[in-house]
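Here's the structure we're looking at; comments come further down.
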Amino acid sequence: MTSRIERRTLAAIAVLGAGFALAGAAVAASADQERKPRPVRASVVGSAEFVLPYHQDKDVRSFTFDARAAPYSRPLPGIPGGLPTDARGMVTVSHYSAERDITYTSKGRVDCLVTGVRTATLTAVITEVSPGGPPVVGNRVGFSVYDGGGGEG
């Protein structure tokens with residue numbers, strides 16, 4: 001049978017042990033964060049190729065994204081402070097047309113970015129199109145991105 005003093009001592013030791021365990025977990029979590037720095041703001045960086053699922057052809061289409069959130073940075077009429085979805089960056093679209101045997105590239109300035117778990121939606125205004133490409137300078141285009149991870153698309 002334990003006395004009241006022994007129980008209090010055991011309780012105090014248990015509390016100290018739990019405190020040390022929590023402190024150790026916090027240090028471990030802190031060390032883990034140091035190894036894997038997280039971006040301060042949302043971003044989409046990378047590239048991919050794709051094919052049209054319902055229209056098989058020999059064309060090669062690829063995208064390169066370098067978009068970063070810049071909340072409240074782009075004043076708009078009636079919204080002088082901008083929007084939380086404001087973003088900056090570039091999108092490059094390359095399309096090889098097998099039928100025409102030509103590759104053209106379009107570049108666009110990113111202005112909006114919304115991210116979720118493994119997903120992103122962004123818009124860009126086309127600023128440049130190489131010779132042979134469609135006349136789309138000034139058009140806004142939208143992209144939905146899904147990160148399958150590990151090269152899974």
Starting at CZ of R109, measure out to CZ of R140 and round the result to the nearest 0.5 Å. 8.0 Å
Nearest 0.5 angstrom please: K107 NZ to M90 CE, how far? 6.5 Å
F65 and V141: same hydrophobic cluster, using ILVMFWY side-chain contacts below 4.5 Å? yes
Is there a side-chain contact between V93 and T105 (heavy atoms, below 4.5 Å)? no
Is there a path of hydrophobic side-chain contacts, each under 4.5 Å between heavy atoms, that joins V137 and F143? yes
Has R88 got more than 12 heavy atoms of other residues, nucleotides or ligands less than 6.0 Å from its CZ? no
Candidate list D66, L113, V91, test side-chain contact (heavy atoms from CB on, under 4.5 Å), partner V44, passing option: L113
Report the residues that fulfil side-chain contact (heavy atoms from CB on, under 4.5 Å) with T121, sequence neighbours left out, ordered by chain and then residue number. S144
Using the rule that two of Ile, Leu, Val, Met, Phe, Trp, Tyr join whenever any of their side-chain heavy atoms come within less than 4.5 Å, decide whether L122 and V136 are in one cluster. yes
Is there a donor in the side chain of D111 and an acceptor in the side chain of T123, or the other way round, less than 3.5 Å apart? yes
Any idea how F63 and F50 line up, ring-wise: parallel (<30°), tilted (30 to 60°), or perpendicular (>60°)? parallel
Should V110 and L76 be counted in the same cluster of Ile, Leu, Val, Met, Phe, Trp and Tyr side chains packed under 4.5 Å apart? no
What distance separates Y96 OH from K58 NZ, expressed to the nearest 0.5 Å? 10.0 Å
